[in-house]
Amino acid sequence: MSSIDNDDLIDDSDDGAGAPKVPLSQRAMGAALGARSAPYMDGLNPAQREAVETLNGPVLMLAGAGTGKTKALTTRIAHLLTTGSARTNEILAVTFTNKAAREMKERVAGLLGQTVEGMPWMGTFHSICVKLLRRHAELVGLKTNFTILDTDDQIRLMKQLIAANNIDEKRWPARLLSGVIDNWKNRAWTPETLPSSEAQAFNGRGPELYTQYQDRLKTLNACDFGDLLLHMVTIFQQHDDILAKYQSWFRYILVDEYQDTNVAQYLWLRLLAAGHKNICCVGDDDQSIYGWRGAEVGNILRFEKDFPGAKVVRLEQNYRSTAHILAAASGVIAGNADRLGKELWTEAEGGEKVRLIGHWDGDEEARWVGEEIEAMQSGTRGMAPKSLDDMAILVRASHQMRAFEDRFLTIGLPYRVIGGPRFYERLEIRDAMAYFRLAVSQDDDLAFERIVNTPRRGLGDKAVQTIQMLARTNGVSLVEGARIAVESGAIKGKGGKGLAELVGNLDRWFNQLRAEADTHIEMAEMILEESGYTTMWLNDKTPEAPGRLENLKELVKALESFENLQGFLEHVSLIMDNDTDDAEEKVTIMTLHGAKGLEFPAVFLPGWEDGLFPSQRSMDESGLKGLEEERRLAYVGITRAEEVCTISFAANRRVYGQWQSQLPSRFVDELPEDHVEVLTAPGLYGGGYGGMSGDFGGQSPLEDKASRADAYNSPGWKRMQAQGALRSKPSPNEAKGLVIDATAVSSFTQGDRVFHTKFGYGTVMGIEGDKLDIEFDKAGAKKVVSKFIVPAAQAGDVPF
DNA sequence: AGCCTCCTAATTTTT
DNA sequence: TTAGGAGGCT
């Protein structure tokens, strides 16, 4: 059972792609000596080149934000292949996200000028582990066709366990248990190796529940995400022969985002690399923001100790942001101890300072950001007009998005929210998937429980309990239990009829699927139809129903790229993509976490207030470590910006319905003064609001002046005012000559045909000062400053 | 079985 | 404030 032949490793049925017909290495061997001049090396800076060319031995590539780490990583792979150091299927390249893996594949292909079909071991930790685990499943008590549970299934299982153990779910919720167990798995602790220090977890019941949970998974022939890694680590640790085989097979190992690895992933990598130690880890300790999920910054900090003699290459030249933005980011991150230390620099000159602005409350902040975005879009800010696609609002917590959504809805500014529930996490998708899972395997008890009464079949708690009892006493699956219930007439009336129909359907689907697996798309549609699931949503009058039906259609469409249902189900649990690339230009709203790895010309960072960012909870729970992670989050946020970075905070914010006065974030204080421009909001520094307290009436966020005064007396606030006071009264934009001279206003009149570089041709509908209301032929109605408008005739337009 | 009302908790979420 | 879950009522 532990014999693996190499064909096994070359095979890549999971990816639908076999080993390349002609290994790249053979083709390219001759290029080894000439690698220095290989075209794919063009444009690498010395550090990148070093990271690419140091093929053997451990390498730590410390790649700061925007320093071209993907370029270095992919070029390194191209180099490995071209020099004949490894064949495509001998390189293990691990990422965290499918997106990153895809991008890497594409770019390697691009570098080599051909598609790289044969890189079966380039993928996420999880997808690679699934592949491995399917080969060795029996070693951890699973069958090779085990299913992968998602979080929802996990929680439902835990709920059952908690109830079975007579634990008060109110005081000890399933989510908590799930978190505890996840944590243990992240640290590679099995029920057997769980240290005694954890004995008190979950009211002292944690360890036993962990054991029960794992047993339950085994009987279900299932595992959760954490198990994928954990099982492989266990297998590697207990079976030297298997480990040895993979150690020699994977001749080179590359790891992306190494700072985000948890203990299990770290052990997995260390085991695999122990032989040749040809491991190249890429990461940035300053961008470690997933500690709460088990990531250990320590892994990257310790690399040189783990791999003595490791070559450390620092990528510090930044190709993304202006010098001011980099300096601001550096200034903030300097507050962290225990860094490996990097200093980003750029050849780029000029650029705006990071802009800082305070607001009265969250609504005003949203209003201001909206106006600012419109100004940038039309070019009013004195820069070239920007597309909405080039702007992003990055928030600490998703509830902050709402204020912006509300505001943008009001002013009709198109936006796109990234995050939220993923496609495969939606209720209707999970339900449909449960039907598919049952059609493939009737042993899937969790799937059965999920859909047994969806749509309603008159099967309530009591009926389900009967089925469960029958299944347990006969030692069979729930579907079998249901069959017994039907045959014995244990469930009567409407429910009995409904159950009989369901069982009959399941059998029919199962048989038909076996007979004609290739008609899986029609089958899927049929299953949803015959089960009554589609009808259920058709009859549903709630506003979500049409969207859900739409999603179901999407799901069926997604089947097209798979050969059968089985294959689809195997992959889908690992693919949580939902890239919706709509054509319309939109502002992006997302969390800071979600923005890692992305970049935007203009970035807004609102809500920089102590308690919100850095988050109070983070600091309460993890103390200094938590604060440092928040600071790295700030660093990530600032370094997303290419040209303009705007940080803002509000003096008052509604928190859980209660108005609270907020202090500017301590990170505001940490921004280096020389690289920050304080924008004076008219309402705050001009004293506008101060004299109008009465106007707030009952609406006033703060009723008494004393507490408001407190808000203005915080260290951060004082510092703000001090900075503001250093500036002479004219607004910063005026000082820079960016304000448009109103006297220069145009000679346009209503009805004129005009041209705008971004929006194209249009007709002037109205005039307000220096702003023109223009109805653009393509872009619709826009307010644009006349400075950016030329008469259409000059641009060669043919008037109608 | 399904609706309604009360209670409680409330970050971040690559797979 | 609000959303989701649990428990009670019809």
Side-chain angles (χ1 to χ4, degrees), chain A residues 94-103 123-130 148-151 154-155 159 168-171 173-176 178-179 182 185-186 223-229 256-257 259-262 264-265 287-295 362 394-403 418-422 424-425 427 453 456-464 493-495 498 571-578 590-598 607 611-622 626 629-630 632-633 636-637 653-660:
Chain A
V94 228
T95 63
F96 275 84
T97 65
N98 291 306
K99 199 171 147 202
R102 210 181 315 127
E103 190 187 344
T124 63
F125 276 102
H126 296 267
S127 68
I128 287 170
C129 279
V130 173
I148 302 162
L149 301 192
D150 57 33
T151 331
Q154 254 184 79
I155 301 278
K159 275 191 177 158
D168 181 6
E169 227 242 87
K170 275 219 165 130
R171 294 197 51 187
R175 305 196 66 84
L176 184 68
S178 167
D182 267 354
K185 289 186 175 178
N186 286 338
C223 66
D224 60 25
F225 284 126
D227 281 338
L228 296 175
L229 264 300
D256 194 15
E257 306 280 15
Q259 77 283 351
D260 289 339
T261 51
N262 62 32
Q265 288 156 340
Q287 291 188 70
S288 166
I289 54 175
Y290 285 106
W292 51 276
R293 252 180 78 178
L394 310 181
V395 297
R396 173 71 242 279
S398 38
H399 66 251
Q400 292 172 260
M401 295 178 179
R402 198 162 159 174
I418 308 276
R422 286 172 173 53
Y424 289 102
E425 282 173 358
L427 177 92
N453 199 33
R456 302 263 124 91
R457 298 188 174 91
L459 295 158
D461 284 349
K462 230 172 115 209
V464 172
K494 202 170 117 212
H571 274 259
V572 105
S573 44
L574 293 175
I575 300 168
M576 287 289 194
D577 278 336
N578 66 331
M590 68 197 308
T591 63
L592 288 162
H593 284 91
K596 194 169 82 160
L598 303 179
L612 184 60
F613 186 45
S615 130
Q616 191 58 51
R617 185 145 167 194
S618 200
M619 294 187 289
D620 289 347
E621 280 175 9
S622 315
E629 183 152 313
E630 295 286 305
R632 291 193 289 267
L633 212 38
V636 167
R653 197 174 287 276
R654 225 194 320 223
V655 181
Y656 304 139
Q658 299 284 88
W659 280 103
Q660 272 192 9

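Labels below follow one simple rule: chain letters A, B, ... track the order of the sequence lines, proteins then strands, and each chain is numbered from 1.
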Original post:
Given the rule in the side chain to side chain donor-acceptor pair (under 3.5 Å) test, do A:Glu257 and A:Gln259 qualify, once you have shown the distances and angles that lead to the verdict?
Top reply: CA-CA 5 Å; A:Glu257 306 280 15; A:Gln259 77 283 351; 2.7 Å; yes
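With rounding to whole Å, A:Glu169 atom CD is found 15 Å from B:dT8 atom P. Across the protein-nucleic acid pair, A:Asp224 atom CG and B:dT15 atom P stand 16 Å apart, rounded to whole Å. Rounded to a whole Å, the NE2 atom of A:His399 is 9 Å from the C1' atom of B:dA10. Regarding A:Tyr290, its OH atom lies at a distance of 11 Å from the C1' atom of B:dT15, rounded to whole Å. Rounded to whole angstrom, the span from the CE atom of A:Met401 across to the C1' atom of B:dT11 amounts to 11 Å. Distance, A:Lys596 NZ to B:dT15 P: 12 Å, rounded to whole Å. Between the OH atom of A:Tyr656 and the C1' atom of B:dC7 there is a distance of 16 Å, rounded to whole Å. Here the P atom of nucleotide B:dT11 and the CG atom of A:Asp620 are 14 Å apart, to the nearest Å.
Using a 4.0 Å cut-off between a side-chain N of Lys or Arg and a carboxylate O of Asp or Glu, A:Asp224 and A:Lys185 qualify as a salt bridge.
Considering only the side chain of A:His593, B:dT12 comes nearest among B:dT12, C:dA6, B:dT15. Closest to the side chain of A:Arg402, out of C:dT2, B:dT15, C:dA6, is C:dT2. Here the nucleotide nearest the side chain of A:Ser615, chosen from B:dT13, B:dT11, B:dT15, is B:dT11. Closest contact between the side chain of A:Glu630 and the listed nucleotides C:dA3, B:dT15, B:dT11 involves B:dT11.
At the heavy-atom level, A:Thr95 lies nowhere under 4.0 Å from the strands shown. Contacts of A:Glu621 with the nucleic acid, taken as non-hydrogen atoms under 4.0 Å apart, include base atoms. Residue contacts shown for A:Arg175 are absent, as no nucleic acid heavy atom lies under 4.0 Å away. Using a 4.0 Å heavy-atom criterion, one finds that A:Phe125 contacts no nucleic acid atom at all. Within the nucleic acid shown, A:Thr591 comes within 4.0 Å of sugar-phosphate atoms alone, with no base atom in reach, counting heavy atoms only. Residue contacts for A:Lys159: at a heavy-atom cut-off of 4.0 Å it reaches the sugar-phosphate backbone alone, with no base atom in range. Residue-level contact check: A:Arg396 touches the bases, meaning some heavy atom is under 4.0 Å from a base atom. Within 4.0 Å of A:Gln265, counting heavy atoms only, lies no atom of the nucleic acid at all. Looking at heavy-atom distances under 4.0 Å, A:Leu459 makes contact with sugar-phosphate atoms alone, never a base.
Regarding contacts with the backbone of B:dT12, every side-chain N or O of A:Arg293 stays at 4.0 angstrom or more from both OP1 and OP2. For the OP1/OP2 pair of B:dC3 and a distance below 4.0 Å, the side-chain nitrogens and oxygens of A:Arg456 include no atom meeting the criterion.
Between the CZ atom in A:Arg171 and the CG atom in A:Leu176 there is a gap of 11.5 Å [rounded to 0.5 Å].
Under the 4.5 Å side-chain criterion, counting only non-hydrogen atoms from C-beta, A:Lys159 is in contact with A:Glu169. Looking at A:Lys596 and A:Asp260, their side chains come closer than 4.5 Å, going by heavy atoms from C-beta outward.
With the nearest nucleotide of DNA chain B identified for both A:Lys494 and A:Leu633, A:Lys494 has the one nearer the 5' end. Taking the nucleotide of DNA chain B with the nearest heavy atom to each of A:Ala463 and A:Ser398, the more 5' of the two is matched to A:Ala463.
Using the six-membered ring where Trp is involved, A:His593 and A:Tyr290 have ring planes that are tilted, between 30° and 60° apart.
Once the 5.5 Å centre distance and the 30° plane angle are applied, the aromatic ring of A:Trp292 is found stacked with the base of B:dT12.
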